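Structure, as structure tokens:
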Amino acid sequence: MVAELQPFIGTDTATLLCFSTEVGEWVAKPVHYPLPPRSWAATCVLSHHGRLWWVDLSWGIITCDPFADELVLGFIPFPPDRVLKCREAWGVTDQYRCVGVSDGKLRFVDTYMGKRRARPTVSVWTLADPDSTEWTLEHEATFTEIWADQSYKATRLPKNIPTLALVHPKNPDVVYFFLEEHLFGVDVRARKVVECEAYGLVAPPSCCIATCFVRAWELPRALSSDVAFSVAISRR
């Protein structure tokens with residue numbers, strides 16, 4: 001199934017536009033919209049636990065089972081101190097935040113500083129139960145701690161705040177970043193760099209790279225050799 005959520009901001013209604021291969025046509029399904037009147041800007045959609053999850057990196061996630069007879073939209077806000085004001089960091093949240101599935105659970109990775117945090121930090125939160133609305137902070141580290149480790153010094157990369165790429169699809173301790181034409185992975189719990197490779201990027205330009213351009217998937221065993229997963233960087 002292909003599905004698009006079309007909320008009517010300022011009202012309590014939305015439309016879930018679905019295309020089913022069984023029917024062979026688009027079907028518009030009305031659904032109650034549970035959010036207050038505020039702009040909704042989904043940067044990605046995930047399929048997890050039999051549902052679709054629309055992610056607005058500024059304040060939370062809308063979820064729905066598109067196959068249900070009676071559609072219900074649920075909303076999972078980010079932790080209270082991570083919810084941004086309307087239009088705060090507009091257009092750049094996907095350089096500092098991402099939501100992905102890792103080890104079978106939804107993870108929220110945040111490096112956005114704003115005006116609340118004095119020290120640049122990376123934090124990883126988990127939604128332990130898909131029916132829950134509470135996020136659990138798994139681990140957090142400052143970039144100062146990461147830069148101080150010998151594993152980071154060995155990369156010869158500068159002590160600059162990197163652009164967030166993704167969370168490892170199998171190991172939620174490991175988060176990947178872009179910096180100076182390199183993609184590197186950090187074990188946030190251990191404050192250590194575990195991988196670092198130069199990448200060849202045709203488009204978009206490196207100054208525009210963000211989590212919305214990155215997709216990770218597990219390769220078939222015949223193709224994977226010693227590589228657990230692969231990363232694709234593509235144009236929107």
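Note that the structure is predicted; figures quoted are calculated from it, not measured. For reference, positions follow the sequence shown, starting with 1.
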Requested in this report: Run the numbers on Leu164 and Tyr96 for side-chain contact (heavy atoms from CB on, under 4.5 Å), then give the verdict.
Outcome: CA-CA 5 Å; Leu164 184 61; Tyr96 303 101; 5.8 Å; no

Query - Verdict with supporting geometry, Cys64 and Leu16, side-chain contact (heavy atoms from CB on, under 4.5 Å) - result: CA-CA 10 Å; Cys64 178; Leu16 189 65; 4.2 Å; yes

Query raised in the report: Taking it one step at a time, do Val167 and Tyr176 satisfy side-chain contact (heavy atoms from CB on, under 4.5 Å)?
Result: CA-CA 6 Å; Val167 60; Tyr176 286 82; over 6 Å; no

Report task. Would you please test Thr11 and Tyr33 for side-chain contact (heavy atoms from CB on, under 4.5 Å) and show each step? Result -> CA-CA 8 Å; Thr11 75; Tyr33 185 67; 5.7 Å; no

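Checked against side-chain contact (heavy atoms from CB on, under 4.5 Å), His139 has the following partners two or more places apart in sequence or in another chain: Val124, Asp173, Val188, Arg189. Evaluation of the ring pair (Phe, Tyr, Trp, His ring centres under 6.0 Å) rule for Trp26 yields Phe19 as partners, not counting sequence neighbours.
Using a 4.5 Å cut-off between side-chain heavy atoms of Ile, Leu, Val, Met, Phe, Trp and Tyr, with links allowed through other members, Val109 and Ile161 fall into the same hydrophobic cluster. By the criterion of side-chain heavy atoms lying less than 4.5 angstrom apart, applied directly or through intervening Ile, Leu, Val, Met, Phe, Trp or Tyr residues, Trp54 is not grouped with Trp90; the two fall into different hydrophobic clusters. Hydrophobic clustering (ILVMFWY, side-chain heavy atoms < 4.5 Å, transitive): Val27 and Val72 are in distinct clusters.
In terms of modelled atom types and a separation under 3.5 Å, the side chain of His182 and the main chain of Leu157 share no donor-acceptor contact. With hydrogens and angles disregarded, no donor-acceptor distance shorter than 3.5 Å links the side chain of Thr15 to the backbone of Leu17. Of the possible donor and acceptor atoms, none in the side chain of Thr136 sits under 3.5 Å from a partner among the backbone N and O of Ala128. Judged by distance alone, the side chain of His48 and the main-chain N or O of Leu46 form no donor-acceptor pair under 3.5 Å.
Under a cut-off of 6.0 angstrom, the local environment of CD in Gln6 is crowded, with over 12 non-hydrogen atoms contributed by other residues, nucleotides or ligands.
A salt bridge links Lys192 with Asp149: the distance from a Lys NZ or Arg NE/NH1/NH2 to an Asp or Glu carboxylate oxygen falls below 4.0 Å. A salt bridge links Asp131 with Arg51: at least one charged nitrogen is closer than 4.0 Å to a carboxylate oxygen.
If you check the side chains of Ser123 and Arg82, you find a donor sitting under 3.5 Å from an acceptor. Neither side chain, Thr142 nor Thr144, offers a donor N or O lying under 3.5 Å from an acceptor on the other. Side chain to side chain, Thr126 and Glu138 meet the donor-acceptor criterion of an N or O pair below 3.5 Å.
Checked options Thr43, Leu106, Asp110; the residue passing with Val99 is Leu106 (criterion: side chain to side chain contact (heavy atoms under 4.5 Å, CB included)). The side chain to side chain contact (heavy atoms under 4.5 Å, CB included) with Pro162 is formed by just one residue from the set Leu179, Thr111, Val122; it is Leu179.
The two residues Thr133 and Phe75 make their nearest non-hydrogen contact at CG2-O, 4.0 Å. In this structure, Arg97 and Thr211 approach most closely via the heavy-atom pair O-OG1, 3.3 Å. When all heavy atoms are compared, the tightest approach of Trp59 to Ser39 is NE1-O, 4.0 Å. The heavy-atom pair separating Thr163 from Ile209 by the smallest distance is CG2-O, 3.5 Å. Listed here is the closest heavy atom pair of Gly50 and Pro66: O-CD, 4.4 Å. Taking every heavy atom of both residues into account, Ala89 and Leu84 meet most closely at CB-CD1, 4.2 Å.
Between Trp147 and Tyr152, the ring planes lie tilted relative to each other; the angle falls in the 30° to 60° range. Note: Tyr199 and Phe178 have perpendicular aromatic rings, judged against thresholds of 30 and 60 degrees for the angle between ring planes.
With rounding to the nearest 0.5 Å, the separation of CG in Asp94 from OG in Ser58 is 11.5 Å. Rounded to the nearest 0.5 angstrom, Leu73 CG and Leu35 CG are separated by 8.5 Å. How far OG of Ser151 is from CZ of Arg191: 12.0 Å, rounded to the nearest 0.5 Å. Atom CG of Leu5 sits about 9.5 Å away from atom CG of Leu52, to the nearest 0.5 Å. Taken to the nearest 0.5 Å, the NE2 atom of His168 stands 10.5 Å off from the CG atom of Asp187. Residue Ile76 holds its CD1 atom at 11.0 Å from CD of Glu134, rounded to the nearest 0.5 Å.
Looking at Val175 and Phe177, their side chains come closer than 4.5 Å, going by heavy atoms from C-beta outward. Side-chain contact between Lys170 and Ser102: absent, with no pair of heavy atoms (C-beta onward) separated by less than 4.5 Å.
Taking the six-membered ring for Trp and the full ring otherwise, Phe108 and Phe78 have centroids separated by under 6.0 Å. When ring centroids are compared, Trp40 and Phe8 stay outside the 6.0 Å threshold.
A cation-pi arrangement is absent between Arg107 and Trp125, since the terminal nitrogen or guanidinium carbon is not both under 6.0 Å from the aromatic centre and inside a 45° cone about the axis.
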